[in-house]
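Below, chain A is the first sequence line, B the second, and so on; all start at residue 1.
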Amino acid sequence: MPEFLPMSHELATIKLDCDTGVSIDELVPRESDPAALAAYYREFGFTRWYDETESVADNDAGNVQALPQVDTDYECVLDQKIFDQWVQRLRQSGSFAVDTETTSIDYMLAELVGISLCIEVGKACYIPLCHSYEDAPDQLDKAAVLAALKPILEDPEIGKIGQNIKYDAHIFIGEGIRMRGIAHDTMLASYVLNSTASRHNMDALARYYLDRETIHYEDIAGKGVKQKTFDQIDLEQASDYAAEDADVTLQLHRVLSAGLQQDEKLHQVYRDIEMPLVDVLLEIEQNGVLIDRAMLEMQGKEIAQQLSRIEQEIYQLSGEVFNLSSPKQIQSILYEKLELPVLRKTPKGQPSTAEDVLEELAAEYEIPALILEQRSLNKLMSTYIERLPQEINARTGRVHTSYQQAVASTGRLSSTSPNLQNIPVRTAEGRRIREAFVAPAGCKILALDYSQIELRIMAHLSADNSLLNAFAKGLDVHRATAAEVFGASLEQVSAEQRRAAKAINFGLIYGMSAFGLGKQLSIGRNEAQQYVDTYFERYPGVKRYMEETKQRARDQGYVETVFGRRLYLPDINARNANVRQYAERTAINAPMQGSAADIIKRAMITVHHWLGDNRDACKMIMQVHDELVFEVAESEVERCCDSIAELMTGAADLSVELEVDAGIGRNWNEAH
DNA sequence: GGGATCAGC
DNA sequence: CGCTGATCCCA
């Protein structure tokens, strides 16, 4: 086992120097010599477990190089001459760190307040533009400053370095500046080096990688309802804070780059996937999605009627009115008042009222079925039908989500405010929400999704003959699995058998346990174990792959995707069996989920480049893990469909072909 | 702020 | 059984 695996909580008490007998101080180079840094990272890597609350000093010295503290020279630019000098230096620089200060964390609502810049570590400036508190000093003219910076920010030859630079690029778009040369993002570098870190915000990175405590926004702006927006903050405080951000970003960039240089595969993931994706996500987010407000209103009225009918019925049957949104009250009605049998308990020991439990109770009793229906309609109502219209931007008339690029440990994106990656599709009523995701007049929605991408990746990684064969022949893979496991011919497979086989296939991707499979299929543990055993007999390559993956995880402390993205598993050698098995399931799942994420990200980048200057006719508007959604001019839609499908299938060269299903419609539902 | 629940892949 | 985010209740 390598010495510097990320430590699980269980192992956290073992000091790093216990293993080597060498004092930590001797291990950490104190100079900023790149060669020393390089040697250091080669030896120790960035494998420490870190989060916001942890500082290098608090822990056991850490394996991270703290750059020597440099005397800082931060200036607030209020003078035209000084500004001109900065512009001059920026023009001549190969790259620089940039950070914007604004009035909101919402990129579509935020107003630019000031800009900070740093070309050389320790020397940074803040250019205030719109501080508007009482007696605020005169500031440089915003339009003039932006006009001077625009050619520099738009010059692809001058590299821009930022912390979550997509946000700053959004802000500049709001000012009519399309940032080019987005070269580095310290948040993404940190994410590629260790995706399991809980957060990749600047404060945490500075604390961990620079052993430096930065000024916290709350300290200068206050917190809660009284929190000031940045334009209300005193220039002196604002300058220290903002200039520091740019300076720290540049310092972080140096340290993190040195780390990435030490592993060619990780460097490629960063350079060839994550960085180019920034521009793609920027575009998708700016594009936004058109939502048919009237459609949702209509659906809302229908559902409100159904809801009140169901609620009345539930109150009648249970003999009292109570809050159906409170699991606690439902629990007391069902299990105490009406004395229904308790089939399962929540982790905290409360009788569960979860979907599958109520599903089972619904066979015998009336109320559970009604509660399920109420819950599902209520969810549609509060999360989608009522919420989505509120998310429509007043200026663009569209919904602009945020894709989080440094959140999911496996390499997936996530989507927030609103989450467009969990729009209902499973049930008929839910699916109707997608009818409200529409194309404007003259356009169509084009949706393309990878077919069985994770299973194909499993076939590729495991090189199992039967599985490779099933895909090569273009078989219905769940049916093929059923035929193998139940010893039937393809034609003989029943619907029930196919359903079970599908659950097995999903189980495999999730690092299946007999317990979990049994629960999914509502069968006993032993019967489920039988299925698993038979499966592994028929697919010995898969069995071997699973064992090898777990062993590799134990040996090296991480697993990786087809493209070399890494996921650390600090708990893989834990002594607690539950903790360890959980890590083992993640070890199985992460390479498949993560490789799929890599592949669609690569596809997004090539599609983005293919679109070139044709982005008015064909706009990428959503990504849902294995699906890309576009808004396309009617005249172009067939051509785009074929070309994009080809680019998507070509995004990886696996030992099974990738397949893409495509659909075209007036709305997202029709496009499926 | 944490837990329960449920929407997606 | 893997990975997420939003909403709600309740302390």
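Residue A:Asn323 is in sugar-phosphate contact alone, with no base atom involved, counting any heavy-atom pair closer than 4.0 Å across all strands shown. As judged by a 4.0 angstrom heavy-atom cut-off over every strand, A:Ala503 is placed among the base-contacting residues. In this structure, A:Gly507 reaches the bases: a heavy-atom distance under 4.0 Å links it to at least one base atom across the strands shown. Here A:Tyr450 lies out of heavy-atom contact (under 4.0 Å) with every strand.
Under a cutoff of 6.0 Å and an axis angle of 45°, A:Arg566 and A:Tyr558 form a cation-pi pair.
Aromatic ring centres of A:Tyr531 and A:Phe536: separated by at least 6.0 Å. For A:Tyr107 and A:Tyr167, the gap between ring centers reaches or exceeds 6.0 Å.
How far OH of A:Tyr270 is from OG of A:Ser190: 11.0 Å, rounded to the nearest 0.5 Å.
Side-chain atoms of A:His478 and A:Gln497 include no donor-acceptor pair closer than 3.5 Å. Defined by atom type and a distance below 3.5 Å, a donor-acceptor pair is missing between the side-chain atoms of A:Gln530 and A:Asn526.
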remark   = With sugar-phosphate taken as primed atoms, P, OP1 and OP2 and all else as base, the protein-contact string of nucleotides 4-9 of chain B at under 4.0 Å (heavy atoms; B, S, -) is SSBBBB
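Boundaries of the chain A contact region on DNA chain C are C:dC1 to C:dA11, first to last in 5' to 3' order (nucleotide atom under 4.0 Å from a heavy atom).
At least one donor-acceptor pair under 3.5 Å links the side chain of A:Thr606 to the backbone N or O of A:Ala603.
In this structure A:Thr410 satisfies the side-chain hydrogen bond (donor to acceptor under 3.5 Å, both in side chains) test together with A:Gln593, sequence neighbours excluded.
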